[in-house]
Amino acid sequence: MNGIDSYISYLSKDKDTIFMEYGMYNPKLYKEPLRNNRFKQMTIDGIEAIFETSSNNYGGFASIYIPKIDSTDGFYMFNKNGNIQEVLNIYKTIKLNHSQRKSPLKINLQEFSDIKSPPGIVLYENNCLSCHSEYRYEIGPSLDPKFIQSKGKFWLKNYLYSKKKTLEYNIECSQIQKKDSVTANELLKYLFQPL
Ligand code: HEC
């Protein structure tokens, strides 16, 4: 199906449907408050992906989100309510980047983290992309990965922990508390991956 700015398709079996969305505008951004789900960040054929499933082991939702499948497009695939393991088994067959990989992905539900310690990219999108974009000035300046890396980890760490000036309309860039160093470290790890 042709969406407005993305391609949408779906696969149905029994009572469950897997939807796929692919397009220019990131189809899934963690801008809303996070749901009480399980998360796992991993790279597939060199491309970063996040798996998210319901915390229920019996049935529910399982998704794969690839923020940048190429330089401009994102991909999001999710079901609504089905057998989580069966849906993940389908996702295990995903190959990207003209991959010649023979074996399925290793996706182990035991290695998923919960809402208390989601992976860096989820924290980044959830905490930062409501005001910033990587591409242009929004409420705050663009967080171009090259710019961030040129500033350095030490600088950004101090920046994250510092109390910012309050600007017009009471907007201020987020401050992360020292006690939330797990969050700060996950963000730094994410922002300072090799480009
Ligand atoms: C409520 C809106 C808002 C949120 C949320 C927010 N920022 Fe900001 N950010 C701003 C604004 C506005 C500025 C520019 C004004 C200033 O310096 O305070 C800014 C400035 C920055 C700068 C400085 C850029 C420069 O040129 O010096 C960095 C780096 C930054 N933000 C990173 C982040 C990160 C990382 C997060 C997530 C943890 C985040 N921001 C969340 C609004 C926000």
Side-chain angles (χ1 to χ4, degrees), residues 4-6 21-44 46-55 61 63-78 96 111-195:
I4 293 171
D5 42 36
S6 57
E21 258 187 85
Y22 166 66
M24 262 269 281
Y25 295 97
N26 208 327
K28 157 99 186 138
L29 263 186
Y30 289 104
K31 284 195 174 186
E32 308 291 323
L34 296 183
R35 290 186 289 164
N36 184 20
N37 286 339
R38 291 178 290 197
F39 303 86
K40 169 83 182 159
Q41 183 172 353
M42 63 188 278
T43 47
I44 304 177
I47 294 181
E48 184 159 73
I50 301 95
F51 291 90
E52 181 177 347
T53 76
S54 319
S55 30
F61 148 93
S63 74
I64 171 169
Y65 166 42
I66 304 174
K68 291 178 197 160
I69 207 157
D70 50 45
S71 59
T72 51
D73 298 303
F75 179 72
Y76 183 46
M77 176 154 70
F78 60 99
L96 301 172
E111 291 167 5
F112 280 46
S113 59
D114 64 13
I115 190 177
K116 291 195 243 49
S117 57
I121 186 173
V122 175
L123 290 166
Y124 172 66
E125 293 195 347
N126 196 236
N127 291 295
C128 315
L129 294 192
S130 45
C131 295
H132 293 280
S133 149
E134 288 176 17
Y135 308 107
R136 59 190 164 266
Y137 202 101
E138 292 201 341
I139 294 165
S142 144
L143 296 183
D144 177 342
K146 289 204 191 84
F147 163 76
I148 294 285
Q149 299 213 353
S150 73
K151 291 292 213 176
K153 213 172 190 170
F154 185 75
W155 178 88
L156 188 63
K157 189 170 190 170
N158 280 329
Y159 189 82
L160 290 177
Y161 284 134
S162 65
K163 169 88 185 114
K164 318 294 192 299
K165 276 202 306 274
T166 306
L167 308 164
E168 253 183 305
Y169 308 113
N170 262 339
I171 289 172
E172 58 187 43
C173 184
S174 327
Q175 176 184 20
I176 295 179
Q177 302 300 327
K178 285 264 157 74
K179 68 174 169 50
D180 297 324
S181 61
V182 175
T183 301
N185 289 335
E186 275 300 318
L187 277 168
L188 290 165
K189 200 161 87 192
Y190 173 67
L191 290 168
F192 286 90
Q193 309 172 85
L195 291 178

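Ligands are counted one by one from 1 in listed order, and the atoms in each one are counted from 1 as well.
- Listed by number with element, the atoms of ligand 1 under 4.0 angstrom from any heavy atom of Asn127 are 5 (C), 37 (C), 41 (C).
- Residue contacts with ligand 1 leave out Lys151, since none of its heavy atoms falls under 4.0 Å from the ligand.
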Taking only distance into account, with no hydrogens and no angle test, what donor-acceptor pairs under 3.5 Å do side-chain atoms of residues 131-143 form with protein atoms, sequence neighbours excluded?
unit_1 : atom_1 : unit_2 : atom_2 : d
His132 : ND1    : Pro141 : O      : 2.7
Ser133 : OG     : Tyr135 : N      : 2.8
Ser133 : OG     : Arg136 : N      : 3.4
Glu134 : OE1    : Lys68  : NZ     : 2.6
Glu134 : OE2    : Tyr124 : OH     : 3.4
Arg136 : NE     : Glu138 : OE2    : 3.2
Arg136 : NH2    : Glu138 : OE2    : 3.3
Ser142 : OG     : Glu134 : O      : 3.2
Ser142 : OG     : Asp144 : N      : 3.3

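- Considering every non-hydrogen atom in both Pro118 and Leu123, the closest pair reads O-CD1, 3.7 Å.
- Residue-and-atom listing of protein N/O/S atoms under 2.8 Å from atom 8 (Fe) of ligand 1, sorted by chain and number: His132 NE2, Cys173 SG.
- In this structure, the protein non-hydrogen atom closest to atom 26 (O) of ligand 1 is Phe147 CZ, 3.4 Å.
- Residues meeting the ring pair (Phe, Tyr, Trp, His ring centres under 6.0 Å) test with Tyr22, sequence neighbours left out: none.
- For Asn185 (side chain) and Ser181 (main-chain N/O), a donor-acceptor pair under 3.5 Å exists by modelled atom type.
- Contact record, Ala49 with Ile44: CB-CD1, 3.8 Å, taken as the closest heavy-atom pair.
- When all heavy atoms of Tyr161 and Lys178 are compared, the closest pair comes out as CD1-CE, 3.6 Å.
- Partners of Asp180 under the salt bridge (Lys or Arg N to Asp or Glu O under 4.0 Å) rule, at least two apart in sequence or in another chain, do not exist in this structure.
- Residue-ligand proximity, Ile139 to ligand 1, at heavy-atom distances under 4.0 Å covers atoms 12 (C).
- Close approach to Leu167 involves these atoms of ligand 1, each under 4.0 Å from a residue heavy atom: 12 (C), 15 (C).
- In this structure, Tyr124 falls outside the shell of residues with a heavy atom less than 4.0 angstrom from ligand 1.
- Of all protein heavy atoms, the one closest to atom 30 (C) of ligand 1 is Tyr159 CE2, 3.5 Å.
- Residue Leu160 places a heavy atom less than 4.0 Å from ligand 1.
- Smallest separation of non-hydrogen atoms from Gly23 and Ser6: CA-CB, 3.9 Å.
- A tilted orientation is assigned to the rings of Phe51 and Phe112, their planes being inclined by 30° to 60°.
- Smallest separation of non-hydrogen atoms from Ser174 and Asn127: OG-O, 3.8 Å.
- Near Leu156, meaning under 4.0 Å from one of its heavy atoms, ligand 1 places the atoms 29 (C).
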